Enquirer: 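Please read through the structure below; I'll follow up with questions.
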Protein chains: 2
Amino acid sequence: MEGLTALAPAKGRPREFDIDVALAAALRVFWQRGYEGASLSDLTSEMGITRPSLYAAFGNKEMLFRKAFDLYEREKMAYMKTALDAPTARGVAERLLRSAVDIHCGTDDPRGCLGVISSLACGQEAESIRAEVIARRVSAEAALIARFERALAEGDFPTGVEPGALAHYLIAILQGMAVQAGVGASRVQLEQLVETSLIVWPGR
Amino acid sequence: MEGLTALAPAKGRPREFDIDVALAAALRVFWQRGYEGASLSDLTSEMGITRPSLYAAFGNKEMLFRKAFDLYEREKMAYMKTALDAPTARGVAERLLRSAVDIHCGTDDPRGCLGVISSLACGQEAESIRAEVIARRVSAEAALIARFERALAEGDFPTGVEPGALAHYLIAILQGMAVQAGVGASRVQLEQLVETSLIVWPGR
DNA sequence: GACCTTCCATACCGATCGGTATATAGTAGA
DNA sequence: TCTACTATATACCGATCGGTATGGAAGGTC
């Protein structure tokens with residue numbers, strides 16, 4: 001619906017702000033403060049629009065978050081998909097770890113992972129948000145597990161570990177890295193974490 | 001100061017609630033909802049006391065959180081210290097991982113880790129809380145690093161990894177486990193994570 | 001120009017936030 | 001019994017929360 005705005009005949013007064021720029025600004029606010037920590041005043045001032053404009057363009061705070069999270073997955077989590085194309089299971093892990101460092105240490109973006117921040121408990125107002133973020137992560141995890149199962153079938157997998165177990169282990173490291181980034185770890189520290197994880201990674 | 005209450009002559013009207021029981025209840029609320037997610041109404045109703053009683057006994061919300069966090073470290077994080085007494089570096093890691101599972105899967109307690117929940121971003125009201133929780137964790141991390149450095153000096157440490165790097169790697173796994181517990185992972189899943197981490201752990 | 005639609009700005013809504021003033025109830029010592 | 005002191009209960013405070021009603025202002029079509 002919103003994506004068609006540019007093509008629409010535009011009957012009334014055109015909006016004075018770029019909806020994509022505003023959404024990107026909203027994403028930064030959510031990313032930095034979490035869903036409940038981001039107040040409408042924070043959002044509007046950072047997006048450079050007024051409250052009614054926000055509601056006209058995005059519905060309400062929850063819809064705005066969902067669209068911001070879509071953008072986040074589309075732009076920041078895209079590396080997840082491409083990482084799965086690596087030729088080996090170890091390569092997949094390495095790409096995931098290194099890309100995660102880049103995400104967490106982006107120059108303009110907040111530290112940490114929006115998914116992790118949003119899925120941990122705050123008030124009960126955000127319970128539905130929490131549920132959806134968790135559900136989305138489950139589907140992402142499933143893709144990684146499937147990739148590791150394929151590796152096992154192709155003979156490209158360490159012995160003594162199940163694909164699902166190693167996938168969840170890798171995800172735990174990624175989530176731990178997100179926590180450390182969120183509390184202020186430097187890029188060097190995160191890179192050291194990646195190196196250690198790769199040294200320890202089973203099989204060759 | 002509060003610890004002396006029982007010995008004090010008790011001049012005025014005695015309080016009608018057990019301050020330790022109330023603090024334990026407050027801890028559960030913070031643990032479940034985070035600092036900002038725990039409203040005074042949540043706290044008082046769960047503690048079974050009124051608002052003025054809370055302020056008279058604990059100061060304010062922030063002081064209450066600090067005392068609850070003290071209790072948390074004293075009762076729930078005590079395993080950290082005892083884990084460091086394990087004879088080998090690997091034993092330290094194993095104890096830490098297994099104890100963490102117990103913490104996250106306690107029957108009566110909320111899931112996840114109060115430290116992780118409280119150190120991730122929410123509104124700016126909690127910024128000082130965040131800072132203190134992070135600072136406390138740094139000191140805990142330092143103890144683990146020192147233990148691994150001792151292991152290195154004793155010849156009980158895998159080659160090819162630095163003590164500090166392996167410590168931070170282990171902490172990342174523990175934090176990742178806390179995240180997974182917080183979003184609803186089962187005990188079996190967490191135990192699988194422990195097993196995988198131990199399989200992968202370097203050296204023997 | 002008239003007209004219609006949409007956007008922007010201000011000011012406001014009820015609810016809830018953390019925190020407190022006030023008055024009453026209860027206990028110890030005089 | 002009176003006084004000193006403290007806990008409890010109720011009701012309230014200003015500030016902020018997410019969300020909206022209202023009144024113009026700015027474009028498009030005719």
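Reminder, nothing fancy here: chain letters follow the sequence lines and each chain counts from 1. Keep in mind it's a predicted model, so treat the numbers as computed, not measured.
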Enquirer: Of the nucleotides dG18(D), dG19(C), dA9(D), which has the atom closest to the L40(B) side chain?
Expert: dG19(C)
Enquirer: Please state whether the phosphate of dT10(C), meaning OP1 or OP2, lies under 4.0 angstrom from any side-chain nitrogen or oxygen of T50(A).
Expert: no
Enquirer: With nearest nucleotide decided by heavy atoms, which residue, G12(B) or K61(B), maps closer to the 5′ end of DNA chain C?
Expert: K61(B)
Enquirer: With K61(A) as the cation and F30(A) as the aromatic partner, state whether NZ or CZ is under 6.0 Å from the six-membered ring centre and within 45° of the axis.
Expert: no
Enquirer: Rounded to the nearest Å, what distance is computed from the CD atom of residue E62(A) to the P atom of nucleotide dG18(D)?
Expert: 13 Å
Enquirer: Under 6.0 Å from the ring centre and within 45 degrees of the ring axis: does the NZ or CZ of R15(B) meet both conditions for the six-membered ring of F17(B)?
Expert: yes
Enquirer: In whole Å, I'd like the distance from the CG atom of L54(B) to the P atom of dT20(C).
Expert: 12 Å
Enquirer: Under 4.0 angstrom, heavy atoms only, what part of the nucleic acid is P14(B) near: base, sugar-phosphate, or nothing?
Expert: sugar-phosphate
Enquirer: Under 4.0 Å between a Lys/Arg side-chain N and an Asp/Glu carboxylate O for R90(A) and E94(A)?
Expert: no
Enquirer: For dC5(D), does either OP1 or OP2 sit under 4.0 Å from a side-chain N or O belonging to R13(B)?
Expert: no
Enquirer: Assuming nearest nucleotide by heavy-atom distance, tell me which of E16(B) and R51(B) is located more 5' along DNA chain D.
Expert: E16(B)
Enquirer: Determine: side-chain N/O of S53(A) to OP1/OP2 of dC8(C), distance under 4.0 Å, yes or no.
Expert: yes
Enquirer: What's the closest nucleotide to the P52(B) side chain, out of dA9(C), dG18(D), dT10(D)?
Expert: dT10(D)
Enquirer: Without decimals, in angstroms, what is the distance between E125(B) CD and dA15(D) C1'?
Expert: 12 Å
Enquirer: Would R147(A) and D85(A) pass as an ion pair if we require N to O under 4.0 Å?
Expert: no
Enquirer: Side-chain N or O of S41(A) less than 4.0 angstrom from OP1 or OP2 on dC17(D)?
Expert: yes
